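Here the structure is laid out as structure tokens; the discussion comes afterwards.
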Amino acid sequence: MSKEITSREVDYSQWYNDLVLKAGLADYSAVRGCMVIKPYGYALWENMRDILDKMFKDTGHVNAYFPIFIPKSLFEAEEKNAEGFAKECAVVTHYRLKADPNNKGKLIVDPEAKLEEELVVRPTSEAIIWNTYKTWIQSYRDLPILVNQWANVVRWEMRTRLFLRTAEFLWQEGHTAHATKEEAVEETTRMLEVYADFAENYMAMPVVKGVKTANERFAGAEDTYCIEALMQDGKALQAGTSHFLGQNFAKAFDVTYVNKENKSEYVWATSWGVSTRLIGALVMAHSDDDGLVLPPKLAPIQIVIVPIYKGEESKILIDGKANIIVQNLKQKGIRVKYDNADNARPGWKFAEYEMKGVPLRIAIGARDIENNVVELARRDTKEKTTVPLDGLEERVQLLLEEIQSAIFNKANQYRAEHITEVNTWDEFTKTLDETGGFVSAHWDGTSETEESIKTQTKATIRCIPLNNKEEEGFCILSGNPSKERVLFARAY
RNA sequence: CGGGAGGUAGUUCAGCUCGGUAGAAUACCUGGUUUGGGACCAGGGGGUCGCAGGUUCGAAUCCUGUCCUCCCGACCA
């Protein structure tokens with residue numbers, strides 16, 4: 001076990017914090033609630049971003065950028081959305097500082113530079129975007145608008161956790177405008193599928209696709225679809241959301257179009273987003289007590305090569321061989337790093353790259369060169385094998401694919417073991433406390449019951465799974481009839 | 001935002017009760033020996049003790065305020 005981080009058994013939260021810091025993903029900052037994303041963590045985000053960006057473009061979307069500041073009057077136009085976010089908004093009230101006359105070298109807010117109208121730092125951009133769309137849309141010929149933006153947003157959180165909940169975070173937000181309800185609903189589910197595809201096939205993280213209850217719904221949305229993932233401590237994590245916004249924003253911002261019959265109609269809307277929270281999800285879905293375990297498709301470094309040499313002469317020899325391997329791997333499009341720095345010994349490097357979750361390690365020493373082999377070590381299983389140099393590129397390519405699916409399968413099996421169907425209140429609370437994970441149970445469909453269950457157990461309804469099978473039953477709390485099961489869990 | 005803990009060398013921490021020249025380990029630098037799972041020897045550099053006030057002849061230590069972090073809770077798409 002790593003000497004550097006707390007084990008999951010001892011303290012799961014501490015394990016997570018240690019891991020994020022020691023693996024070099026992020027740092028705390030001098031600003032309350034805000035973190036610094038370090039180069040390694042940012043490289044991970046860049047990989048995620050690039051893949052998602054391509055997926056968005058492949059589904060017809062284009063990128064744009066809107067202001068970070070939203071005039072309060074615009075922000076409050078869509079009432080429910082504004083109310084939902086009001087409690088966590090940072091607000092700009094002044095535009096200038098000046099020297100403090102009473103305290104040399106210090107600055108104060110210039111009281112004369114008060115803004116006529118306060119600016120809200122965006123917690124999300126529906127308001128400013130729909131205010132803009134009003135000017136973009138006149139006719140059905142202007143629709144659909146399929147825009148995405150990569151941006152930072154601010155939500156003033158009282159309690160923060162690296163990547164999972166910080167005052168400022170990076171995300172993408174898609175905002176689309178459509179002529180018909182059907183088209184908007186279709187867009188909402190299409191993007192949900194994109195997110196699920198990304199989570200499962202790139203992050204190797206199985207997710208449940210579902211729809212949120214009224215209580216958990218995005219403020220201002222008609223329906224909120226989500227992907228829910230399960231972390232290793234049995235808690236659920238919302239990994240992405242896609243909202244069908246109906247005509248709420250169109251009405252609030254008076255966005256209408258003229259249809260083919262020359263009649264004016266309100267535009268239909270969607271919005272959808274994933275954030276740097278995905279990094280937290282990725283960490284908690286796969287990693288172990290030795291450090292990160294990253295899926296090869298997202299790992300900033302897919303293979304690290306560590307030389308093992310005795311003396312300068314053998315180093316030169318090994319460098320030569322290793323550099324050829326590096327070239328060959330790069331030609332195959334593999335992200336490879338050769339670490340021949342001589343300020344750390346091999347054992348230290350092994351531990352370091354395990355901490356950083358590099359999926360594959362190649363060790364090469366004089367002995368290996370003699371035998372025309374290298375040592376391959378898998379991060380996910382810790383398995384070490386000696387393999388011939390001939391055909392190494394093809395072998396590691398296959399191995400990276402195998403690791404990708406092995407990580408997914410492991411997470412998938414864990415999840416399968418942690419979805420429990422229960423039919424009574426006793427079973428329900430017992431499962432939450434002892435097994436954790438998702439608990440599939442009947443619910444009478446009322447907010448009151450949902451609220452009461454939350455108060456009593458801290459479990460929330462994560463979602464009503466899509467394509468849920470109809471099944472007659474009785475609510476675990478109220479005993480009232482129910483037509484389907486929903487997924488409960490304690491969540492991040 | 002409430003309760004608890006904490007902030008001293010790059011890092012992890014000791015010193016604080018009971019005020020009196022700033023400590024350890026590790027990391028770093030130099031030289032040497034090493035290198036198949038977090039090396040060893042010798043020498044060296046590095047801290048206005050989170051910040052701001054106050055008490056005192058004297059403050060890391062006592063008092064007040066403030067900022068930041070962690071844990072638990074409340075809040076939260």
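Bear in mind the structure is a predicted one, so any value in this text is a computation, not a measurement. These numbers come from the heavy atoms of this one structure, side chains and all, not from hydrogens, waters or symmetry mates. By convention in this document, chain letters (A, B, ...) are assigned in the order of the sequence lines, proteins followed by strands, and residues within each chain are numbered from 1.
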In whole Å, measure the gap between the [atom1] atoms of [N] and [M] for me.
{"N": "B:rU66", "M": "B:rC1", "atom1": "P", "value": "11 Å"}
{"N": "B:rC51", "M": "B:rA59", "atom1": "P", "value": "15 Å"}
{"N": "B:rG7", "M": "B:rA39", "atom1": "P", "value": "30 Å"}
{"N": "B:rG4", "M": "B:rC41", "atom1": "P", "value": "46 Å"}
{"N": "B:rA60", "M": "B:rG6", "atom1": "C1'", "value": "15 Å"}

**Prompt:** So A:F428 and A:F488, would you call those rings parallel, tilted or perpendicular, with 30° and 60° as cut-offs?
**Reply:**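 Answer is perpendicular, since the angle exceeds 60°.
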Quick one: label [X] by what it contacts on the DNA or RNA (base, sugar-phosphate, nothing), any heavy atom closer than 4.0 Å.
{"X": "A:D11", "result": "nothing"}
{"X": "A:K87", "result": "sugar-phosphate"}
{"X": "A:W171", "result": "base"}
{"X": "A:V31", "result": "sugar-phosphate"}
{"X": "A:E354", "result": "base"}
{"X": "A:Y309", "result": "base"}
{"X": "A:R32", "result": "sugar-phosphate"}
{"X": "A:G240", "result": "nothing"}
{"X": "A:A377", "result": "nothing"}
{"X": "A:A219", "result": "nothing"}
{"X": "A:R462", "result": "nothing"}
{"X": "A:K384", "result": "base"}

**Any A:R345 side-chain N or O less than 4.0 Å from OP1/OP2 of B:rG36** =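 Answer is yes, contact under 4.0 Å.
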**Prompt:** Does A:Y28 put a side-chain nitrogen or oxygen below 4.0 Å from OP1 or OP2 of B:rC70?
**Reply:**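 The answer is yes; a side-chain N or O of A:Y28 sits under 4.0 Å from OP1 or OP2.
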**Qualifying residue, where the test is side chain to side chain contact (heavy atoms under 4.5 Å, CB included) with A:K22 and the options are A:I5, A:N17, A:L292** =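 By the side chain to side chain contact (heavy atoms under 4.5 Å, CB included) criterion, A:K22 pairs with just one of A:I5, A:N17, A:L292: A:I5.
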**Message:** Quick check with a 6.0 Å cut-off and a 45 degree axis cone: is A:K356 positioned over the face of A:Y40's six-membered ring?
**Reply:**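 Relative to the ring axis of A:Y40, which defines the angle, A:K356 lies inside both limits.
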**Ring-face cation contact, A:Y492 with A:R165, 6.0 Å cut, 45° max** =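 No, a cation-pi geometry is absent between A:R165 and A:Y492.
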**Message:** Counting only side-chain heavy atoms from C-beta out, which of B:rA74, B:rU11, B:rU35 sits nearest to A:P346?
**Reply:**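 The closest nucleotide is B:rU35.
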**Request:** Please tell me which of the listed nucleotides, B:rA74, B:rG38, B:rG36, lies nearest to the side chain of A:A363?
**Result:**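 Nearest nucleotide to the side chain: B:rG36.
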Would you kindly give the [atom1]-to-[atom2] distance between [X] and [N], to the nearest whole Å?
{"X": "A:R159", "N": "B:rC75", "atom1": "CZ", "atom2": "C1'", "value": "11 Å"}
{"X": "A:Y12", "N": "B:rC70", "atom1": "OH", "atom2": "C1'", "value": "18 Å"}
{"X": "A:N17", "N": "B:rC72", "atom1": "CG", "atom2": "P", "value": "9 Å"}

**Any strand: nucleotide that pairs with B:rA14 via Watson-Crick or wobble, under 3.5 Å** =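 Paired with no nucleotide.
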**Asked** Of A:L162 and A:Y492, whose nearest nucleotide on RNA chain B comes first from the 5' end?
**Response**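 Looking at RNA chain B, the more 5' nearest nucleotide goes with A:L162.
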